[in-house]
Amino acid sequence: MNSIKTKVCSGCESSFTCGDISAESKCWCNDFPPIFNLSEGNDCLCPVCFKEACEDKIDAYVETITPQKALTNKAISLPKQEKLIEGIDYYLENGNYVFKAWFHLKRGTCCGNDCRHCPY
């Protein structure tokens, strides 16, 4: 089932590989939240540009969230992803993980720990 292709990023024009190696080993982009429609633009982006585009889109969405909207936000219904992504789900500060609003929105509720970026 190897469907790996070499592509050129429509953002930075660098070469990268894209595609599924097997049914069990999916393309690197499957580690990211499924927040883009394939019809939204150009061809695939490289991992760096794709991550930046995800961060930008998520940050723009999070800016629209109020505590009332957080209870029914879009992130709750996305497929659960086991891998946390630095810059999207969290950032590091003095060696500590600081969870971003997107992480909290995916969880769907406030944990009650007075988190810095809690949207609830």
Side-chain angles (χ1 to χ4, degrees):
M1 166 175 192
N2 187 336
S3 62
I4 298 289
K5 297 175 184 158
T6 299
K7 294 194 167 198
V8 175
C9 177
S10 61
C12 68
E13 298 184 5
S14 66
S15 294
F16 66 99
T17 58
C18 180
D20 298 342
I21 296 170
S22 67
E24 298 80 33
S25 184
K26 299 287 185 182
C27 184
W28 56 266
C29 67
N30 285 295
D31 290 338
F32 288 85
I35 58 173
F36 288 101
N37 293 328
L38 294 176
S39 62
E40 276 189 9
N42 302 325
D43 202 356
C44 293
L45 296 170
C46 70
V48 172
C49 290
F50 190 76
K51 181 180 177 193
E52 288 175 4
C54 283
E55 289 173 347
D56 291 346
K57 190 164 187 171
I58 288 169
D59 289 346
Y61 175 70
V62 166
E63 287 180 17
T64 70
I65 296 296
T66 63
Q68 294 76 27
K69 287 183 180 178
L71 298 172
T72 57
N73 79 83
K74 295 177 184 178
I76 295 171
S77 61
L78 292 175
K80 301 300 178 210
Q81 301 197 279
E82 294 182 27
K83 182 179 177 186
L84 297 179
I85 302 170
E86 185 173 0
I88 292 177
D89 294 305
Y90 70 94
Y91 59 90
L92 294 172
E93 182 177 272
N94 300 321
N96 297 311
Y97 284 76
V98 179
F99 293 106
K100 295 180 74 173
W102 181 252
F103 173 85
H104 298 293
L105 290 170
K106 290 190 310 182
R107 186 179 55 233
T109 60
C110 176
C111 64
N113 290 325
D114 197 27
C115 298
R116 183 183 306 173
H117 301 292
C118 182
Y120 294 97

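Since this is a predicted model, take the numbers as computed values, not measurements. Because only heavy atoms are used, hydrogens play no part in the values below, and waters and symmetry mates are left out as well, while side chains stay in.
Tyr61 places a side-chain N or O within donor-acceptor distance of the main-chain N or O of Lys74, the cut-off being under 3.5 Å. A donor-acceptor pair under 3.5 Å is absent between the side-chain atoms of Asp56 and the main chain of Ala53, judged by distance alone. Put simply, the side chain of Gln81 gets close to the backbone of Asn30: a donor and an acceptor are under 3.5 Å apart. Listed for the Lys51 side chain is a donor-acceptor partner under 3.5 Å among the backbone atoms of Glu86.
Taking 4.5 Å as the limit, every side-chain heavy atom of Val48 sits out of range of all side-chain heavy atoms of Cys12. Considering only heavy atoms from C-beta on, Cys118 stays 4.5 Å or farther from Asn113 through its side chain. Counting heavy atoms from C-beta on, the side chains of Val62 and Pro119 never come closer than 4.5 Å.
When every heavy atom of Cys49 is checked against every heavy atom of Cys9, the shortest pair comes out as SG-SG, 3.7 Å. The shortest heavy-atom contact between Ile58 and Ile88 is CD1-CG2, 3.5 Å. Between Asp31 and Lys83, the closest heavy-atom pair is OD2-NZ, 3.5 Å. In terms of heavy-atom proximity, Asn73 sits nearest to Tyr120 at ND2-OH, 3.7 Å. The two atoms that bring Arg116 and Tyr91 nearest to each other are NH1-OH, 3.1 Å, heavy atoms only. Nearest approach of Ile4 to Gly19, heavy atoms of both residues: CD1-O, 3.2 Å.
Note on Trp28: it clusters hydrophobically with Ile35, by side-chain heavy-atom contacts below 4.5 Å among ILVMFWY residues.
Salt bridge absent: Glu55 and Lys100 never bring a charged side-chain N and a carboxylate O closer than 4.0 Å.
Ring geometry for Phe103 versus Phe99: interplanar angle under 30°, hence parallel rather than tilted (30 to 60°). Between Tyr90 and Tyr97, the ring planes lie tilted relative to each other; the angle falls in the 30° to 60° range.
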### Task
Might you work through the side-chain contact (heavy atoms from CB on, under 4.5 Å) test for Lys106 and Leu78, ending with a clear yes or no?
CA-CA 8 Å; Lys106 290 190 310 182; Leu78 292 175; 5.7 Å; no
### Query
After noting the C-alpha distance and the side-chain angles of Cys29 and Cys44, does the key distance pass the side-chain contact (heavy atoms from CB on, under 4.5 Å) rule?
CA-CA 10 Å; Cys29 67; Cys44 293; over 6 Å; no
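By the neighbour-count criterion of 12 heavy atoms within 6.0 Å, atom CD of Glu93 is densely surrounded, having more than that number from other residues, nucleotides or ligands.
Between the CD1 atom in Ile65 and the CG atom in Leu71 there is a gap of 10.0 Å [rounded to 0.5 Å].
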